[in-house]
There are 2 protein chains.
Amino acid sequence: MPAPAPRARAALPKTAGSRAAKASGAKAAGTPAPVAAPQEARRDPRRRVLDAAIACFTRSGFHGTSMHEVCTEAGMSPGALYRYFPSKEAIIIAIVEEERAARASLLERLDGATGFVEGLAAMGHALFSGEMPMVCVELGPEISAEASRNPVLKAKFDEVEAEMTDAIRRAFVAAQARGEIDPALDTDAALVMINAIGDGLLLRRRLEPELPLAQMMPALGHLIGRMFAPAHRSVPSDKAP
Amino acid sequence: MPAPAPRARAALPKTAGSRAAKASGAKAAGTPAPVAAPQEARRDPRRRVLDAAIACFTRSGFHGTSMHEVCTEAGMSPGALYRYFPSKEAIIIAIVEEERAARASLLERLDGATGFVEGLAAMGHALFSGEMPMVCVELGPEISAEASRNPVLKAKFDEVEAEMTDAIRRAFVAAQARGEIDPALDTDAALVMINAIGDGLLLRRRLEPELPLAQMMPALGHLIGRMFAPAHRSVPSDKAP
DNA sequence: ATGTCAAGAACGAACGTTCGTTCTCATCAC
DNA sequence: GTGATGAGAACGAACGTTCGTTCTTGACAT
């Protein structure tokens with residue numbers, strides 16, 4: 001990044017304030033929180049910025065959110081904010097870094113469940129029931145979209161994704177060895193499918209927030225079960241829709 | 001609105017044609033087309049704008065693309081461009097409108113195939129093999145992301161999506177009546193699943209363009225077949241991976 | 001053939017706004 | 001004092017858009 005030349009600082013009084021409200025722009029965005037709560041100001045400033053940024057990016061997207069909005073939401077001035085993060089991009093990258101921890105705790109449900117498919121369904125339920133304080137549910141699609149064209153972000157994002165995919169692959173192979181999954185199935189194709197379903201559901205959540213995905217998880221899990229079950233075993237159908 | 005003072009126009013001789021490419025800005029983006037091809041300038045100007053916008057939005061996203069970039073790519077000045085579209089938003093909406101036609105032709109593959117699952121696989125193959133001049137493959141995720149927060153765009157987008165989903169639902173129910181699909185399956189869950197898989201694969205394509213999704217379609221189609229096949233029929237496995 | 005001229009397409013500098021960022025300066029703890 | 005912290009005005013660049021002007025075209029008169 002080219003270092004910007006130091007700016008001269010002319011004392012010009014300028015045009016006072018251009019008070020005419022100007023009817024606002026076409027921007028159909030939500031209102032940022034009025035002002036930070038009193039004890040809010042005591043919390044770790046980095047956390048405050050991150051939480052504020054997550055809220056704003058979720059509401060208006062990365063490019064649709066201005067730093068001033070993040071500042072307002074965090075109850076902090078730009079001068080203070082820039083003390084903790086060197087740039088807007090650094091904030092997203094920090095958010096993605098946080099995702100890693102959240103995803104790791106999600107993955108515990110995979111190994112903790114009675115079976116592979118049950119584990120996937122449990123992950124899905126945790127994601128969509130809101131029981132998990134999880135950034136990626138709301139921000140995942142936004143982050144993927146941004147990652148697809150921001151190389152720095154993409155590198156971080158890929159790291160986190162690879163951890164997730166590897167864990168699922170290990171669980172898949174183990175389940176296959178246990179006879180829970182048809183041994184003839186191609187692992188790569190199955191993983192692409194599982195990833196696609198996950199990403200697709202996350203996106204659907206954004207587009208249709210009223211869709212009761214958590215409630216549908218048994219039915220969706222049942223479908224996934226049929227997809228992977230060994231060929232000549234009748235599907236367990238413990239949760240037929 | 002404060003009437004802007006009329007601008008003086010000084011008869012400056014100017015640089016004739018300004019064909020110098022201008023080396024572009026610091027924007028870490030791809031290079032816009034050097035200059036419009038000779039016969040390119042003869043084409044329908046609306047089409048030129050649309051094609052240029054699709055290229056730019058695909059490269060840098062909706063908010064990441066400036067109107068000047070679109071102008072450069074289209075080989076057209078801002079003044080000319082704004083003769084054909086009243087705003088940046090109107091351009092996206094026109095693109096989504098075009099999607100409708102493209103999707104309709106995609107849907108023909110559903111009804112033209114030998115069965116429902118084969119139809120889905122054919123759609124997938126057409127999408128990912130590049131044989132279809134289809135905007136949504138590259139721009140779909142970008143549009144969904146934008147639609148999730150732009151109400152005007154969302155309305156248009158929902159229209160197009162509803163047409164797609166309805167057509168798939170009809171095909172699903174018909175296949176179920178034909179005995180091709182397990183009659184016990186919940187139609188709503190199946191449709192959510194099909195949509196999620198489609199959206200998820202489109203997103204994956206953006207994130208990992210090198211992944212040979214078209215080649216994987218037989219394997220993926222096979223998985224979908226297992227998911228929907230009637231319970232006590234052994235899966236046709238004509239294309240076991 | 002040549003000149004005239006209106007219509008409208010295209011141009012591109014400039015506009016007002018908003019962006020991400022940085023500045024100066026006040027405040028506090030020690 | 002001194003160093004860390006924060007506020008908030010200000011900066012310059014870039015944004016989407018506008019608009020006075022120029023260029024292109026082709027019908028018509030000569």
Asks: Would you call A:E98 and A:R47 a salt bridge, using N to O less than 4.0 angstrom?
Replies: yes
Asks: Over how many whole Å does the gap from B:R46 atom CZ to C:dA10 atom P extend?
Replies: 14 Å
Asks: Can you tell me whether the side chain of B:R83 and the base of C:dA10 have a donor-acceptor pair closer than 3.5 Å?
Replies: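 Answer is yes: a donor-acceptor pair is held.
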Asks: To the nearest angstrom, how far is B:K88 atom NZ from D:dA14 atom C1'?
Replies: 11 Å
Asks: Nearest to the side chain of A:A80, heavy atoms from C-beta on, is which of C:dC19, D:dA7, C:dA13?
Replies: D:dA7
Asks: Between C:dC19, D:dA9, D:dA7, spot the one nearest the side chain of A:S66, thanks.
Replies: C:dC19
Asks: In whole angstrom, what separates B:H68's NE2 from C:dC11's P?
Replies: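 After rounding, the reported distance stands at 13 Å.
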Asks: For B:E159, does the CD atom have more than 12 heavy-atom neighbours from other residues, nucleotides or ligands under 6.0 Å away?
Replies: yes
Asks: Does A:A162 offer a backbone N or O that forms a donor-acceptor pair with the side chain of A:T165 under 3.5 Å?
Replies: no
Asks: In whole Å, what is the span from the CG atom of A:L81 to the P atom of C:dG20?
Replies: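 Rounding to the nearest Å, CG of A:L81 and P of C:dG20 are 11 Å apart.
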Asks: Could you check how far CE of B:M67 sits from C1' of D:dT18, rounded to whole Å?
Replies: 12 Å
Asks: Looking only at atom types and distance, does a side-chain atom of A:R48 sit under 3.5 Å from a main-chain N or O of A:A74, one as donor and one as acceptor?
Replies: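 The answer is yes, because a donor-acceptor pair under 3.5 Å joins these two groups.
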Asks: When the axes are fitted on five pairs at both termini, how much does the helix from C:dA1-D:dT30 to C:dC30-D:dG1 curve, in 10° steps?
Replies: 10°
Asks: More than 12 heavy atoms of other residues, nucleotides or ligands under 6.0 Å from CD of B:Q215: yes or no?
Replies: no
Asks: Does any N or O in the side chain of A:E146 come within less than 3.5 Å of the main-chain N or O of A:I143, such that one atom is a donor and the other an acceptor?
Replies: no
Asks: Between B:K154 and B:D158 (salt bridge meaning N to carboxylate O under 4.0 Å), is one present in this structure?
Replies: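 B:D158 and B:K154: salt-bridged.
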Asks: Which listed nucleotide (C:dA9, C:dC11, D:dT17) is nearest to the side chain of B:Y84?
Replies: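 Selected nucleotide: C:dA9.
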Asks: Side-chain N or O of B:S77 less than 4.0 angstrom from OP1 or OP2 on C:dC11?
Replies: yes
Asks: From CE of B:M76 over to C1' of C:dA9, roughly how many Å is that when rounded to an integer?
Replies: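 Distance check: B:M76 CE to C:dA9 C1' gives 10 Å.
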Asks: Given atom CD1 of B:I92 and atom P of D:dG16, what is their separation to the nearest angstrom?
Replies: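 From B:I92 CD1 to D:dG16 P: 11 Å.
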Asks: So, OP1 or OP2 of C:dT22: does either fall under 4.0 Å of a side-chain N or O from A:Y82?
Replies: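 Result: no.
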Asks: Expressed as a whole number of angstroms, how long is the span from A:F85:CZ to C:dT21:P?
Replies: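 Taking atom P of C:dT21 as the reference, CZ of A:F85 is at 13 Å.
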